[in-house]
Amino acid sequence: MKISMVVNGRSVAGDVEGRTLLVDFLRQDLHLTGTHVGCDTSQCGACTVHVDGLQVKACSMFAVEADGAEVATIEGVAAADGTLSAIQQAFQDHHGLQCGFCTPGMVMAAASLLKENPRPSEAEVRHHLEGNICRCTGYHNIVKAIMAASGQEMPALAAE
Amino acid sequence: MPKDSGIGASSKRREDVRFLTGTGNYTDDINIYGQLHVHFLRADVAHAKLNGVDTAAAAAMPGVHRIFTGADFEAVGGLPCGWLITDRHGAPMQEPRHPVLAQGKIRHVGEPICAVVADTLAQARDAAEAIVLDYDTLPAVIDMKEAVKADAPKVHDDLTGNLCYDWGFVEDNRQAVDDAIKGAAHVTTLELVNNRLVANPMEPRVAVGEYNRADDMHTLHTTSQNPHVIRLLMGAFVLGIPEHKLRVVAPDVGGGFGTKIFHYAEEAFCTFAAKALNRPVKWTSTRSEAFMSDAHGRDHVTKIELALDKDNNFVAVRTETYANMGAYLSTFASCTPTWLHGTLMAGNYKTPHIYVNVKAVFTNTVPVDAYRGAGRPEATFQLERVIDMAARELGVDPIALRRQNFITTFPYATPVAVEYDTGDYHATMDKLIDIADFAGFDARRKASEATGKLRGLGVNCYIEACGIAPSNLVGQLGARAGLYDAATVRVNATGSISVMVGAHSHGQGHETSFPQVISEMIGIPEDQIDIVHGDTSKIPFGMGTYGSRSLAVCGSAMVRAAEKVINKAKKIAAHLMEASEGDIELKDGRFSVAGTDKSVAWGDVTLAAYVPHNYPLTDIEPGLEETAFYDPANFTYPSGAYACEVELDPETGHVKIERFSAADDFGNIINPMIVSGQVHGGIAQGIGQAMLEGCVYDSDGQLLSASYMDYAMPRAEDVPFYTVDHSCQTPCTHNPLGVKGCGEAGAIGSPPSLVNAVLDAINSGGGKKVAHINMPLTPSRVWAAMQ
């Protein structure tokens, strides 16, 4: 099936099978390998992207379903000159990543949260991340980074 | 004032930029022109006689190039085990053959039987469904104690029963321990389970095999923690490929936690098939496959006895542990419950008599091997649980009981064959009491009780052996590999530096912390130093990363190589300044002559080494590059004290973690930010084990927890912010950096304090007396225990 969409502001087209997942189209056809596959049950969130502005797991959607959509992936988050977005920079500043595999999904999830709720509480940040698994950081620094990206003071318990 | 570069600085991680922008290079991101895809048909029963495989229909399906079966691998070796254990009676362990693809028998769910190689993965999967297996199901054995009974089904027909080994440690202590327990004033006995876990790095395993006929060169791209070890094991023991014809590359690896240490069938398969088909062959694990094919962790059933005298001094510890090996011996499976577990049974305490018995058992389950902490969490859990239980039985304060028995003089030789070089267990406990705000606990407990909840506070200590070494000792203990590491410091003509290290980074931040050390030594900025790792064609040799060994062992090799570089550079500087070599000092990237104003910059010296127009060629070779291998004299011994505070809803059994605090002694710290991050991650994995995670097999050997729908991983809402502190520092005495290792501490230290806290909460209210609950402490288990 022939499909076309706008990915990170660029028009792209492809010829896919009906069963091709959006994440596989992004990774294999468009070579946008920043979106990762960490599971096969839509539980881990490593494949999180935005489709028409909404947070979506790219493994739970067929590529044909995104025909005509606007898709944003991790490759489109930093500025064209490479300057990191405020969220990306907060992840680096607060050591919100270790192996980096879940990180693109975490950044996309965080961007979606802060768009909806610019000053989330710690509990709201943790709740929003219910669909994203990180195995390295213990979430401590991810939550810190997202709260920092929203310009808020850190809770005392997050000091270290 | 915190430093902003060098040793002790929280330098921001340079690797983050590529991970944050989606430009990392993980193994599944690698696609090679002409590559084929493999799908493994895996066993869906735990135990069966495999009569035959009919691949004819599948082989004719679209895109299929070839279907491999066990018969294709009869002429190659089995997957080797890296450690030979000798049992109590001096006999070697039983070591079954571990074929790449099943031969004649299926021994666990998930065992690969056939491999379909096709143009696309979808075609390979479709074809696999058309393969017809002819097998007769056999009774499976899952429970370890059942497996060692005389009439149990045998996992391996050619072995004598299912007992891999019966190990006694230290066997000569056995009688003295028995006598001490008989004569003790009090003995606390605890039977417990250390639940079977799956490591679950977020990146599933991947293998891409390549072969070049022109030069007979094999390349394997793989998600590994130690590429040289994979090259050695696969080349020498499985496929018979000379090392110089085999390159193993592990690029960005998305977490390991132990499960990517081992050599797996899929790596051997893709390397073998690439040559057989003369095409690159790629395999990417699905998560469900990972649950059935990554080595699992833990899985001990233990009885521990702690004997005390009338003054509550520990007099003896005796344990009997059944350790599950699964159906085959994974690479380091045999070593984990023995040398990484038995040697830590002294914990932080001066117990004079200790005896450890480990029975390793084959069952029809996925092979079990090292997972974060590997043996040390198992030792710590039983010891720290039985101490808490003893304190409750004796009616004494659990912290006071621990303090009374702490080791306080160093070096300290334990009764279980290791010597702790440094530590200060009172200092970490003091720090813990401060950071966890024990003083405010009673008020918080009252506040909880006012709302109908129960609050508990649990503590534990831990010690671990890191930086696994030295080679001559581990060789005596059965290791089939050396445990040193290597580094090359290559100085470029303009003064920038590439350091080739044997350690492998899969989240630990080596690309940032290793340059901090070199920057400190030479005085040039960190950004002029790069780390090269993860490719056998680029680094001198390497034993990889596990057991918190990267800085202690490989970092020490790097320091030794850098010292050689500096010594040579001083000779060149002395020549350039017409001074005596003994008078040359290096500081902040400049060489100077002591007591004079003569100096020359680092870059001028390095340029002279490579542009030797005015150079003492008769005395010094051109170039500036040195290699060192470092084999440490001992393990390192990080230690610490952990506290968990929970609130328990007695109506539902739901436990909420209110506070988690960790006071660790890691010796010297290179990058405090990275160290804290390592502790955070370890604690979350320990919380996972204590509260949520666990493999579930049914009695037929079916793995019921084979996806994230069924295996509960800790998520952001399951954990609190942690309070961690590593200001208590007793530097290691036998490596040049004084470092001890921090990667596993959190996973070792956190489960006992959590379980101790829940039991404290339960026993605090309504006169309940619950001695123990096995992990994971799900609401239903906690609620049931309270009824």
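Bear in mind that the values here come from a model prediction, so they are computed numbers and not experimental data. Chain letters run A, B, ... following the sequence lines, proteins first and then strands; every chain starts at 1.
- Under the 4.5 Å side-chain criterion, counting only non-hydrogen atoms from C-beta, A/Asp40 is in contact with B/Arg287.
- For B/Thr286, the parts lying near chain A are the backbone and the side chain together; criterion is any non-hydrogen pair under 4.5 Å.
- Summarising the geometry of A/His95 relative to B/Gly677, their closest heavy-atom pair is CD2-CA, 3.9 Å, with the distance given to 0.1 Å.
- Put simply, the side chain of A/Gln92 gets close to the backbone of B/Arg13: a donor and an acceptor are under 3.5 Å apart.
- Rounded to the nearest 0.5 angstrom, B/Met713 CE and A/Ile133 CD1 are separated by 5.0 Å.
- Annotation: side chain of B/His506 is not in contact with side chain of A/Phe101 (no heavy-atom distance under 4.5 Å).
- In this structure, no portion of A/Ala46 lies under 4.5 Å from any heavy atom of chain B.
- Taking CZ of B/Arg18 as the reference point, atom OG1 of A/Thr103 lies at 11.5 Å (rounded to 0.5 Å).
- Taking all atoms of both residues into account, the shortest heavy-atom contact from B/Tyr708 to A/Gly38 is CE1-O, 4.2 Å.
- The part of A/His36 that comes within reach of chain B is its side chain, from C-beta onward, which places non-hydrogen atoms under 4.5 angstrom from that chain.
- Taken from SG in A/Cys136 to CD in B/Gln678, the straight-line distance is 8.0 Å, to the nearest 0.5 Å.
- Top candidate by heavy-atom pairs under 4.5 Å with chain A, chosen from B/Ile674, B/Ile687, B/Val253, is B/Ile674.
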Output, in order, the C-alpha distance, side-chain angles, deciding distance and verdict of side chain to side chain contact (heavy atoms under 4.5 Å, CB included) for A/Gln43 and B/Arg715.
CA-CA 11 Å; A/Gln43 299 283 311; B/Arg715 292 165 194 266; 3.3 Å; yes
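- Listed options B/Gly681, B/Gly22, B/Gly507, B/Ala716 were ranked by heavy-atom pairs under 4.5 angstrom with chain A; first place goes to B/Ala716.
- Atoms CD and CD, on A/Glu122 and B/Glu717 in that order, are 10.5 Å from each other to the nearest 0.5 Å.
- With hydrogens and angles ignored, the 3.5 Å screen pairs a side-chain donor or acceptor of B/Gln685 with a backbone N or O of A/Arg135.
- When all heavy atoms of B/Ala122 and A/Arg19 are compared, the closest pair comes out as CB-NH2, 3.1 Å.
- Interface residues of residues 25-34 of chain B toward chain A, defined by a heavy-atom distance below 4.5 Å and sorted by number: B/Tyr26, B/Asp28, B/Asp29.
- Taking 4.5 Å as the limit, every side-chain heavy atom of B/Val719 sits out of range of all side-chain heavy atoms of A/His140.
- Between A/Gly138 and B/Ala684 the shortest heavy-atom distance is CA-CB, 3.4 Å.
- Proximity to chain B is limited to the backbone of A/Thr137, based on heavy atoms less than 4.5 angstrom apart.
- For A/Val125, no part lies under 4.5 angstrom from a heavy atom of chain B.
- Of the residues considered (A/Leu97, A/Thr20, A/Leu129, A/Thr73), A/Leu97 shows the highest number of contacts with chain B, using heavy-atom pairs under 4.5 Å.
- Shown are A/Val77, A/Ile74, A/Leu84; of these, the side chain to side chain contact (heavy atoms under 4.5 Å, CB included) with B/Thr21 is made only by A/Leu84.
- The line from CD of B/Glu15 to CD of A/Gln98 is 10.5 Å long, rounded to the nearest 0.5 Å.
- In this structure, A/Cys44 and B/Met202 approach most closely via the heavy-atom pair CB-CE, 3.6 Å.
- What you find for B/Gly254 and A/Cys99 is that their closest heavy atoms are C-SG, 3.3 Å.
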